[in-house]
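See below for the structure under consideration.
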Amino acid sequence: MHWADVAAKALSHKGDKHIVSTGITPSGEFHIGHLREILTGDMIARAARKAGLDVEFVFIVDTADPLRKVYDFLGPEFEQFIGHQLGSIPAPDKDGNPDWVRFEKEGWTYGDHFLKPFLQALEQIGVRPRIIDNLESYKAGRFDQLTKRACDRADEIREAIERISSRELADDWFPWSPLDSKGSLDGVKVTGYEYPLVHWLDSHGVEGSSDISKGEGKLPWRIDWPAKWGWIGVTCEPFGKDHGAAGGSYATGREIVQILGHEAPHPLTYEWISLKGQGAMSSSAGNTVGPIEALELVPPEILRLLVAKSKPNKAIEFDTGMSLVTLADEYERLAARDFNSELADEDLTRRQRVQIEDAAGAMRMAVLEEGTTAEATAVTFRHLALLAQTKSTDQDVWSSLQKAGAISEPNQSLVDRLNRMRAWIASKHFPEEMKISILSHPNDAALQQLDQDDRPVVAALAQSLAACNWDAETIGSAIPQAAKDLGLTPKSGYRAAYAALMGKERGPRLAPILAEMRQNEIVSLLNQCALSLE
RNA sequence: GGGCCUGUAGCUCAGUCAGGUAGAGCGUCGGACUUUUAAUCCGAUGGUCGCGGGUUCGAACCCCGUCAGGCCCGCCA
């Protein structure tokens with residue numbers, strides 16, 4: 001069973017109606033690590049729907065969280081907003097300074113700035129959650145009753161947090177952080193409480209009162225989370241391994257939510273995504289790949305496959321180089337399989353069966369539109385990379401594929417894929433290994449690798465290519481023919497051609513590439529190679 | 001200090017919950033396709049299941065210990 005189906009099954013034991021929730025703080029650039037959170041939730045919801053459950057998928061944007069510090073991408077002016085809520089301060093402009101104009105005219109906030117592009121990415125990747133803005137929810141009084149309960153039973157909550165996380169809370173700790181006279185959550189002392197008011201004294205020596213029912217402040221993180229479970233009615237939530245550890249926020253949350261009068265959701269802890277060779281992704285370290293950037297290179301269904309095929313507790317190493325090609329080709333292979341007929345085989349061992357079921361499940365989760373079946377495009381990533389590099393127009397690419405019988409008319413997903421491929425090729429991420437390049441000088445090392453028998457082919461090839469019509473078809477037949485004329489197999493022709501022209505043992509189809517080059521340069525290169533072999 | 005996760009073929013991982021002959025994909029190697037050589041198809045190769053004990057007729061799986069990597073007990077997906 002696929003991991004999402006396992007989670008769905010666990011949910012089905014608890015009832016028929018479910019809310020799967022995810023949440024992210026928009027404190028900086030979103031990266032593909034955040035995508036795992038939301039895709040994990042989306043996949044559980046998908047599996048639950050397939051299991052016949054009534055399920056809603058929500059995404060909570062934690063705009064009520066305060067700005068923790070002046071990040072590297074922010075200008076010094078943001079110093080004044082430390083402790084202020086992300087949904088109530090201006091966004092950084094291009095230079096990292098507060099964009100007051102948009103803030104005042106459009107209400108464009110720090111949270112919006114980072115959230116909006118992420119939402120676009122979600123749309124592209126087929127995730128359409130109900131979005132809940134946390135700050136607005138506070139202001140609308142959604143947290144009111146649960147906050148009242150938390151304040152009324154502050155001692156119980158304090159006891160739970162201290163016992164479970166084995167940390168000591170300050171004497172003046174209170175389960176509500178009021179906003180101070182400047183709008184900050186930092187350094188505010190609670191001096192009294194009578195619902196709905198929490199009285200405070202801030203770091204500027206100002207006294208005031210915070211109205212819980214109007215959201216003039218927020219619950220501290222460890223209570224904020226269970227309170228959300230309560231008022232939204234969350235029954236399942238995936239979260240990063242940081243929250244999942246013993247003593248972590250889920251452990252305290254599951255008890256606190258009971259104090260608040262609700263049940264804890266079914267948990268699912270997932271591992272982080274790291275960038276290959278660079279460790280965990282972190283916005284401050286700058287080693288991130290944003291969801292938008294990733295989607296410019298990778299078809300969304302392939303990004304989905306990456307998450308779908310990895311069990312949540314497995315760390316994922318994301319890599320925009322060769323692994324992407326492997327992953328994309330894996331998608332194509334999987335799409336071409338007929339899992340139902342494979343599973344019909346009675347002789348399968350339990351292991352083989354599980355493996356086929358998991359692959360089928362992963363593909364169900366990977367397709368963009370829920371309930372559809374992936375269709376193989378009949379063009380591998382590798383092949384598309386080749387065509388995109390050798391054909392200057394899209395139409396030439398389609399013609400080549402049509403000629404090969406791979407497609408009749410390109411469908412939309414193939415068109416998208418070609419656009420992404422061109423973006424990938426143009427980006428710094430495109431791997432050297434995939435780049436097609438014809439040598440400008442003989443590569444002696446590669447030539448020496450050639451068998452003695454194959455060496456004469458180089459000279460023969462130089463002659464026949466010098467004489468032939470310079471089109472892909474003619475070149476294509478000249479290469480094997482040159483070998484045959486010498487009593488060798490076509491393979492010898494290719495070996496010689498690759499060694500001489502690309503300095504490799506094998507490579508992509510040569511003829512269409514050569515046809516794009518100048519005939520005299522190719523012939524001259526072959527002649528030089530022939531000379532150096534003598 | 002306390003706790004969680006991970007460790008299985010060259011690589012990525014299934015299999016551990018319900019103990020029963022070590023599995024897949026990729027890679028590699030070989031063959032076929034006698035002009036689509038990053039393609040496709042066929043075949044082969046490949047593992048003291050981190051290590052040491054214990055329970056058992058039988059352990060990758062359960063128990064105890066141990067090593068290594070990652071993480072949590074302020075904030076982080």
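So that the names make sense, note that chain A is the first sequence line, chain B the second, and so on, each numbered from 1.
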Nearest to side-chain heavy atoms of [X], which nucleotide of [options]:
X	options	result
A/Y494	B/G15, B/U35, B/G23	B/U35
A/L386	B/U12, B/C72, B/A38	B/A38
A/V354	B/U35, B/C75, B/G15	B/G15
A/P480	B/U35, B/C75, B/C72	B/U35
A/R222	B/A38, B/U35, B/C75	B/C75
A/Y498	B/A38, B/C76, B/U37	B/U37
A/N313	B/C71, B/G23, B/C5	B/C5
A/K314	B/U35, B/C75, B/G7	B/G7

> Of the non-hydrogen atoms in A/P312 and A/T269, which two are nearest, and what is the gap between them?
Replying inline: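 Distance-wise, the nearest heavy atoms are CB-O, 3.8 Å.
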Describe the nucleic acid contact of [X] in one word from base, sugar-phosphate, nothing, applying a heavy-atom distance below 4.0 Å.
X	result
A/A315	sugar-phosphate
A/R36	nothing
A/K484	base
A/I161	nothing
A/S310	nothing

So does [X] get a side-chain nitrogen or oxygen closer than 4.0 Å to the phosphate oxygens (OP1/OP2) of [N]?
X	N	answer
A/K241	B/C76	no
A/R333	B/U40	no
A/K311	B/U6	no
A/W3	B/A14	no

[atom1] atoms of [N] and [M], separation to the nearest Å:
N	M	atom1	answer
B/U8	B/G54	P	24 Å
B/A38	B/G52	C1'	47 Å
B/C63	B/U55	P	15 Å
B/C51	B/A68	P	15 Å
B/U12	B/G7	C1'	14 Å
B/G50	B/G15	P	15 Å
B/U6	B/A44	P	34 Å
B/C17	B/A32	P	46 Å

Rounded to whole angstroms, how far apart are [atom1] on [X] and [atom2] on [N]?
X	N	atom1	atom2	result
A/D242	B/G70	CG	C1'	13 Å
A/R337	B/C41	CZ	P	12 Å
A/D358	B/G23	CG	C1'	13 Å
A/E271	B/G7	CD	P	11 Å
A/E357	B/G15	CD	C1'	13 Å
A/I273	B/C5	CD1	P	21 Å
A/I479	B/U34	CD1	C1'	16 Å
A/L334	B/C26	CG	C1'	12 Å

> Do A/Y494 and A/D454 have a side chain donor and acceptor closer than 3.5 Å?
Replying inline: no
>> Under a 3.5 Å threshold, yes or no: a donor from one side chain and an acceptor from the other, between A/R222 and A/S249?
In response: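 No - no donor-acceptor pair under 3.5 Å links their side chains.
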Look at [X] together with [Y] and state whether they make a salt bridge at an N to O cut-off of under 4.0 Å.
X	Y	result
A/E332	A/R337	no
A/K311	A/E271	no
A/K309	A/D358	no
A/K228	A/D62	yes

>> Centre-to-centre under 6.0 Å for A/F318 and A/W272, is that the case here?
In response: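 That pair fails the under 6.0 Å test.
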>> Can you confirm whether or not the ring centre of A/F118 sits under 6.0 Å from the ring centre of A/F114?
In response: no
> Between the side chain of A/R68 and the main-chain N/O of A/I82, is any donor-acceptor distance below 3.5 Å?
Replying inline: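 No, the answer is negative, given that no donor and acceptor are paired below the 3.5 Å cut-off.
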>> Judged by each residue's nearest nucleotide on RNA chain B, which is more toward the 5′ side, A/K309 or A/R495?
In response: A/K309
>> For A/Q355 and A/M1, find the nucleotide of RNA chain B closest to each by heavy atoms; which residue's nucleotide sits nearer the 5' end?
In response: A/M1
>> Can you give me the dot-bracket string for RNA chain B, 5' to 3', counting Watson-Crick and G-U wobble pairs with both distances under 3.5 Å, using [ ] for crossing pairs and | for partners on another strand?
In response: ((((((((.[[[[.)....(..]]]].(((((.......))))).....[[[[[..)....]]]]])))))))....
